[in-house]
Each structure stands twice: as C-alpha cells, then as structure tokens.
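The structure appears right after this line, and notes come after that.
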Amino acid sequence: MALPVASADDRQLIQRTTRHLVDSYSPKGNRTGWLMIASIFIESWDLYSIAFILVFLQEQYHPSSFLLGLASAGTQAGAVVGALLGGWLSDRVGRRAVFIATMVTFIIVGASQAFVPNMLVLAALRFVLGVPLGMDISNGYTYIMESLPASKREVMGNRWQFMFAVGEVIAIAVVTVLLWSGIGHEYLWRIILGLSALPAIVLFVMRMKLPETVVWLVARGRFREAKQVAADTYGDPLDMLPDSDVDVPRPRLRSFLKAIRKDETRWRGSVFGWLSGLAQGGEFATFAFYLPILLVLLGVSGVKSGNLITLALYVLAAISGWVGPAILHRIGQRRLSLWGFSMVVVALIMAAIGIFTDTLVLVPIAAAIMLWGHYWDAENCMTISSMVAPPQYRGTASGFAYIFVKVPAFFSILVFPTLFDAIGKGAATLLVLIFPLIGIFAATFVLPKNIDGYRGDHEYADEQVAVGVSG
C-alpha cells in the first residue's frame, strides 16, 4: 500500500524533530562517532602503508617512476569515485546499508593485495580498493554529524587526522618489526598490504549492531522506525512523531549545489572545505607521503633507520592530531587552519634549504614541523563541509568534499616521483608550497567567522520544501 505524500504539516514536523535531535545528547553517540573515526585507521593503513614498502616493490619489479606512482596513487583515484558514489548512496538508501557494503568490500579486496602477480595488477586492485575507502569516509561523516550534538560533533569530526596518524604509526611499526625478523622483502610487502583486512574484520563485527541514524529516518518520513531507534539511542521516544510513515520525495543530486548556495555561511563553509581539502591533500601526498623513500634517496638514513625516524615523526603527528581537537573550542577552526598551514610553509622552505645546501639534518626537523602543522590544517576540511550541509544532502556533501582531498592526492602521488627526476628534490619540495598557501588564503578570506558551533540544520525543512521537491 502506497504511503501518503508528506504534507506541509509533516515537513514542519520534520523540521522541529530535526532541530530537537541536533540539540539532543545521545548516550551512544560518542561510541558511534569513534566507530566511524576508527575506519580511518583502515584507510590510513591501505592508503599509506605502501609508502613504506615502495623500496621493496622497486627492488622486486623495477617499475618505471610512472608505474610506481600509479600503484601508490591508485587507491586515491578509487577513493574519488567512492566518495561521490558513497555520499549519494548514503542519502538515497541510508547510512547503515552503505557502511556494511563498504566493510565487506574492504575485507575481500584488502586481503587480495597479498596475492597480486605484478605491479600492473597491484595498481588496478588498489584502484578498486579505493572505492569502498572513499565511500566509507563520506558515509562515516554523516553518522558523526547525525549522532552527536552540535557542541560535540565538530570535535569528533576533527579527530580523523589523529586516527590517520595512528594507522601510519602502526604500519611503520609492523614494517620495522618484519624487517628485523628477517622476512624476505618479496613476502614482506605482501603481508603488509594483505594485513589491512584484519582491522576491517574487527571493525565490521563492532559496527554490525549500529542502527540507521534517526535524522535520516526522520528525513525519509520513516517515523515508526525513527521512534524505535531514538528510544534506544537517545532514551527519547520522539512522542511528537506519529505512529505512521509518510512518503518524502528523495532529494535530487543535481539540486545539491543549489541547496548549499541558499545560505552564505553554508556556502562559504563548503567552499572553504573544498579549498582546504585540496591544500592538505596536495601537501601531504607530495613531500610527506614520499618521506620514507626521500630519506633513503637523500642519504639521511637506510631503510631500517629511516623507518625509525619516520615512526618517531608520525608519533609526533599523532600527538598533534590529538591536541588539535582538544584545543578547538579555545582557538576555533580558523586559527587551527591558519597555524597549521603556516607551519607547513615554514617547514617546506626549511627542507628545501637543507636539500639545496646538503645540510640534510634539516630535513627530518622540517618534516617534524610539517607533520605537526599538517595534522592541524587537515582536521576540519571534512568536518566543516559535512557540518554545514543540509541533512538531506549530508552524505553527498561529505563525499563531494572528499573528492577535493583525493584528486590532488592522486595526481601528486602520481607525478611527484617524476618531478624528483625532472627538476630535483629541492625544487620539487619548493613547488609544494602552492598547497599550504591556498589553505592560508581559504582560512583568511573564505571561512566564515561564525562557523564554530554552526547549527544550520535548523533550517532543514524549509530547504527541503524548496529544493527536495521543486528542485
């Protein structure tokens, strides 16, 4: 039997309920947020563990610089596809269905990396692996924004860089232990890549009992299920909702940009997120991503000692990733970005000077400064883009923002080895300065002053009437 189409009164009810949920505390919201942030660990392992085994791939297959970059960047390219696809599906079919599908794909494709016969197959497989990685990020941010109150969700969203650093620390530690154990290099890289399936299995089991978000159920007019889930997760039966469902027309993808342009804060916050994502993705995927192999090529260290140096640097990055969200309410999103990007500028200039003058001791010092700054400036691009989005487009907005992180990351990882060869390591390092300078511009001139504690969800129903129906 067909459901009645949502009336104007139903839409006003959805508005009131959404406002109520945004300002409500869910006892299980913090756990849900951490479960979503935890998936960053898997992405970090899959995206960046390959940076620590590139020397072994070179040793075994002797690939060209282009093919080496393609294998390294393949996951980033797949994440571009997955980010937009996952965001759209999250809005269309629900948050829970998407995260289950991504976890299953993670496990299968991640484990398959251990059995590839050559570099070309590895590059193709890593592209496929990137699709669920991108889908999970866009979907995870919708869970965070819809499971935590406005006072808590931006802090949790900013913690993703902490989890990235933890993934990188664990990856380096495992590589180093396996190196010291005497395992052959031809097996070591297979173990490292294939191991990504293990944390994915653990996280899949832990996530299985997570329900759909109440905000999405309300937005879709599924009031009966929303009342049941809210009673369990919020301890609130949402008595304002009826015990019957209504049919709310699905939001149209082509109306996404129109929806966010209706409000200046929402629009400028989104544009900042895109520019900041481009800046942080580009700066990391060049100098920082290739840091392990750069230390070896410059003669700063050998493979084992280089891993120890890199391990120490990412422990520092993890501390930075934890400190940033902890002080967010005191310094605000704008200063967090400005301070982070400014540190990256100083660090890149220092590294270039060290390379040009053969003062190689400056390189790891510059890397330490750069990583601390990067793990601050990278924290809020996804958070702000997801936070300011209309709830009916939140998945799409999160996925769209992640594209701006992954496109520059893909091209940077792909071409940076070639730049090394073409213009030299020092000049290539200076070229990276364009990215943090873009970030400084975005934080100074684009990011709205009233972005901290943004509660734009309150205008949800009016926009749904204007955009979701008449589109």
Side-chain angles (χ1 to χ4, degrees), residues 26 28-47 75 78-107 110 129-148 152-167 196 199-200 202-216 233 273 277 281 321 325 378-389 391 393-406:
S26 168
K28 298 182 179 181
N30 203 53
R31 178 177 180 272
T32 299
W34 275 112
L35 282 176
M36 293 302 148
I37 289 295
S39 67
I40 303 294
F41 175 90
I42 304 172
E43 180 178 10
S44 175
W45 185 292
D46 276 314
L47 289 177
T75 312
V80 172
V81 177
L84 190 54
L85 178 63
W88 176 72
L89 285 174
S90 180
D91 289 336
R92 295 283 294 183
V93 305
R95 317 326 191 185
R96 190 173 189 276
V98 171
F99 87 63
I100 289 178
T102 58
M103 283 292 104
V104 172
T105 311
F106 263 158
I107 295 167
L129 181 65
V131 175
L133 289 175
M135 290 176 68
D136 196 65
I137 288 290
S138 58
N139 187 59
Y141 266 89
T142 64
Y143 259 99
I144 291 170
M145 296 301 146
E146 295 174 0
S147 300
L148 290 161
K152 303 289 185 182
R153 58 186 183 175
E154 55 193 293
V155 174
M156 181 63 73
N158 276 22
R159 286 180 176 142
W160 74 310
Q161 289 300 305
F162 165 73
M163 194 56 68
F164 254 119
V166 170
S196 62
V202 173
L203 188 58
F204 177 70
V205 173
M206 294 177 68
R207 280 185 176 186
M208 275 302 294
K209 292 185 179 180
L210 278 182
E212 182 58 76
T213 71
V214 182
V215 171
W216 186 83
T233 57
E379 284 181 0
N380 59 17
C381 64
M382 288 296 298
T383 300
I384 292 175
S385 297
S386 303
M387 182 173 67
V388 301
Y393 290 110
R394 182 158 283 139
T396 302
S398 298
F400 193 73
Y402 205 46
I403 288 174
F404 285 86
V405 177
K406 290 305 164 189

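On a predicted model such as this, the values are computed, not experimentally measured, just so you know.
- A 4.5 Å side-chain heavy-atom check between Val166 and Ser44 finds every atom pair outside the cut-off.
- Note on ring orientation: taking the six-membered ring where Trp is involved, the planes of Phe41 and Trp45 are tilted (angle from 30° to 60°).
- Interatomic distance, Met382 CE to Ser138 OG, rounded to the nearest 0.5 Å: 7.0 Å.
- For the residue pair Phe400 and Phe404, the shortest heavy atom distance occurs at O-CD1, 3.3 Å.
- With sequence neighbours excluded, the residues that form a side chain to side chain contact (heavy atoms under 4.5 Å, CB included) with Phe99 are Met36, Arg96, Thr102, Asp136, Asn139, Tyr143, Arg207, Leu210.
- Of all the heavy atoms in Thr233 and Pro211, the pair that sits closest is CG2-CG, 3.9 Å.
- In this structure, CZ on Arg95 lies 7.5 Å from CZ on Arg394, to the nearest 0.5 angstrom.
- For the pair Ser90 and Tyr141, the minimum side-chain heavy-atom distance is 4.5 Å or more.
- Nearest heavy atoms, Ser386 versus Met145: CB-CG, 3.8 Å.
- The closest side-chain heavy-atom distance from Leu129 to Thr105 is not below 4.5 Å.
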Applying side-chain contact (heavy atoms from CB on, under 4.5 Å) to Met206 and Met103, what does each step give before you reach the verdict?
CA-CA 11 Å; Met206 294 177 68; Met103 283 292 104; over 6 Å; no

What verdict does the side-chain contact (heavy atoms from CB on, under 4.5 Å) test give for Ile137 and Ile40, after you've listed the backbone C-alpha separation in whole Å, the side-chain angles of each residue and the deciding distance to 0.1 Å?
CA-CA 8 Å; Ile137 288 290; Ile40 303 294; 2.8 Å; yes

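- Within the model, atoms NZ of Lys152 and CD1 of Ile144 stand 15.0 Å from one another, a figure rounded to the nearest 0.5 Å.
- Nearest heavy atom pair, residue Ala83 against residue Tyr402, reads CB-CB, 3.8 Å.
- For Arg159, there are no side chain to side chain donor-acceptor pair (under 3.5 Å) partners at least two apart in sequence or on another chain.
- Residues Leu133 and Phe106 meet the side-chain proximity criterion, which asks for heavy atoms closer than 4.5 Å.
- Separation of atoms CD (Glu379) and CZ (Phe162) is listed at 11.0 Å; rounding is to 0.5 Å.
- From Tyr393, atom OH reaches atom OG1 of Thr142 across 16.0 Å, with rounding to the nearest 0.5 Å.
- We find the OG-CG distance between Ser398 and Leu84 to be 11.5 Å, quoted to the nearest 0.5 Å.
- Put simply, the side chain of Trp34 reaches to within 4.5 Å of the side chain of Met156, judged on heavy atoms.
- Contact detail for Ala200 and Ile42: the closest heavy-atom pair is CA-CD1, 3.4 Å.
- Contact detail for Gly157 and Thr383: the closest heavy-atom pair is C-OG1, 3.0 Å.
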